[in-house]
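Quick note on labels: first sequence line is chain A, next is B, and so on, each numbered from 1. Quick note: numbers below take in every heavy atom, side chains included, and nothing from hydrogens, waters or symmetry partners.
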2 protein chains.
Amino acid sequence: MYVKIDFNSDEAIYIQLRNQIIYGIATSQIQEGDNLPSVRELAEIVGINMHTVNKAYSILKQEGYVKLDRRKGAVIAIDIDKLQAIEQLKESLRVILAEAICKNISCREIHEVIDQIYQEFERG
Amino acid sequence: MYVKIDFNSDEAIYIQLRNQIIYGIATSQIQEGDNLPSVRELAEIVGINMHTVNKAYSILKQEGYVKLDRRKGAVIAIDIDKLQAIEQLKESLRVILAEAICKNISCREIHEVIDQIYQEFERG
DNA sequence: AGATCTGTTATACTATTAATATAACAGGTA
DNA sequence: TACCTGTTATATTAATAGTATAACAGATCT
């Protein structure tokens with residue numbers, strides 16, 4: 001699984017890292033039980049500091065995407081609290097849908113976009 | 001239209017301000033042609049600095065939600081570039097949908113949540 | 001036992017951003 | 001003229017992002 005950081009982005013490196021790993025899980029490039037590179041290893045690959053990787057991993061742990069083990073390092077382990085997950089989804093979507101409504105995007109158009117993205121993910 | 005700032009939030013004040021105004025437009029509490037309070041006025045109402053309000057207004061202007069006029073102040077004026085708007089929508093949705101897929105939320109469930117939020121907005 | 005890997009913690013430094021505080025300027029309005 | 005707009009400039013404080021070293025505790029392997 002490739003990890004690509006845009007150093008010119010205004011998005012924090014550890015956030016980019018977090019998002020890419022979530023993409024990786026969503027597209028099945030990495031799966032439950034797989035382990036991520038160690039913080040030091042990934043830091044060297046990407047060319048950033050160990051602590052920045054550690055921050056990304058800690059967030060992923062806190063959000064229930066990985067478990068951290070001294071032996072194996074970071075292991076993909078999805079902790080599903082579905083009700084809570086749907087609540088968070090709703091909260092995230094509110095801002096985005098408000099923006100869409102302002103821009104005259106219809107409900108149907110949003111559904112179409114959703115399906116498109118889903119297909120992107122399914123293709124990997 | 002009420003504006004409520006959570007000073008304990010980790011979200012920047014000017015972002016909260018921007019989002020609330022977008023909510024206001026989406027729910028028709030404020031409409032095309034309406035003018036927002038002046039930067040100094042809103043700053044006093046909310047209890048924050050003028051520049052923080054100005055930053056929010058500048059972003060809203062840049063994003064095509066308002067026009068700034070020396071006479072009337074900030075006026076709601078949606079600048080719709082729909083193709084671009086849909087592209088931005090897509091980009092915003094990718095991360096959120098990836099998270100949803102990881103959490104085992106189905107495509108159908110997302111569609112349902114979308115409809116729920118749409119109904120929320122329609123009710124005001 | 002000893003070397004080596006893991007995450008974890010601590011400390012320090014720099015750069016950037018968020019937010020505030022004053023102040024002034026230019027244009028429109030009454 | 002007085003007063004309202006947004007705008008710009010400058011300065012300060014606080015928080016965050018990222019880097020840099022260093023050390024510690026547990027697990028693994030030779």
Per Thr52(A) side chain, nearest of listed nucleotides dT6(C), dT20(C), dT19(D): dT19(D)
Ignoring hydrogens and geometry, is there a side-chain-to-backbone donor-acceptor pair from Gln20(B) to Lys4(B) under 3.5 Å? yes
Distance col, row Gln116(B):CD vs Ile86(A):CD1, nearest 0.5 angstrom, shows 8.5 Å
In numerical order, the residues of residues 39-50 of chain B whose heavy atoms come under 4.0 Å of DNA chain C are Arg40(B), Ile48(B), Asn49(B), Met50(B)
Between its two end axes (five pairs each) the helix from dA1(C)-dT30(D) to dA30(C)-dT1(D) turns, nearest 10 degrees, through 20°
For the NZ atom of Lys72(A) and the CG atom of Asp34(A), what is their distance to the nearest 0.5 Å? 11.5 Å
Should the side chain of His51(B) and the base of dA18(C) be counted as holding a donor-acceptor pair, with the cut-off at 3.5 Å? no
Considering only heavy side-chain atoms of Ile13(A), the closest of dG18(D), dG7(C), dT7(D) is dG18(D)
Roughly, in whole Å, what's the span from NZ in Lys72(B) to C1' in dT7(D)? 19 Å
Separation of dA26(C) C1' from Asp69(B) CG (nearest whole Å): 14 Å
Whole Å only: how far is the CG atom of Leu68(A) from the P atom of dT6(C)? 13 Å
Specify the separation, in whole Å, of atom NZ of Lys67(B) and atom C1' of dT5(D). 18 Å
Of the nucleotides dT5(D), dA18(C), dT7(D), which has the atom closest to the Ala12(B) side chain? dA18(C)
What is the distance, rounded to the nearest whole Å, between atom CD of Glu11(A) and atom P of dA17(D)? 12 Å
Which part of the nucleic acid, if any, lies within reach of Lys61(B) when heavy atoms closer than 4.0 Å are counted: base, sugar-phosphate only, or nothing? sugar-phosphate
Interatomic distance, Ile15(A) CD1 vs dT16(D) P [rounded to whole Å]: 13 Å
Calculate the interatomic distance between Asn54(A) atom CG and dA23(D) atom C1'; express it in whole Å. 15 Å
Just verifying a value: how many Å separate Leu89(B) CG and Ile105(A) CD1, rounded to the nearest 0.5 Å? 5.0 Å
Residues within residues 2-10 of chain A bordering DNA chain C, heavy-atom distance below 4.0 Å: none
Rounding to an integer number of Å, can you tell me how far Tyr14(A) OH sits from dT19(D) P? 13 Å
Reported OH-to-CG distance for the pair Tyr14(B) and Asn54(B), which is rounded to 0.5 angstrom: 13.0 Å
Give a yes-or-no answer on whether the side chains of Ser9(A) and Glu11(A) include a donor-acceptor pair shorter than 3.5 Å. no
If I take atom CG from residue Leu60(A) and atom CG from residue Leu68(A), how far apart are they, to the nearest 0.5 angstrom? 8.5 Å
Here the gap from Ile96(B) atom CD1 to Lys90(A) atom NZ, rounded to the nearest 0.5 Å, amounts to 14.5 Å
Side-chain heavy atoms under 4.5 angstrom apart, residues restricted to Ile, Leu, Val, Met, Phe, Trp, Tyr: same cluster for Val95(B) and Ile25(A)? no
Using only atom types and a distance under 3.5 Å, with no angle test, would you say the side chain of Lys67(B) pairs donor to acceptor with the backbone of Ile78(B)? no
Step through the shown structure and confirm whether more than 12 heavy atoms of other residues, nucleotides or ligands are within 6.0 Å of OH on Tyr2(A). no
Phosphate-side-chain proximity, Lys55(A) and dA17(D), N/O vs OP1/OP2 below 4.0 Å: yes
Show, in sequence, the C-alpha distance, side-chain angles and deciding distance for Glu44(B) and Arg40(B), and conclude whether the salt bridge (charged side-chain N to carboxylate O under 4.0 Å, His left out) test is met. CA-CA 6 Å; Glu44(B) 185 153 2; Arg40(B) 289 171 176 84; over 6 Å; no
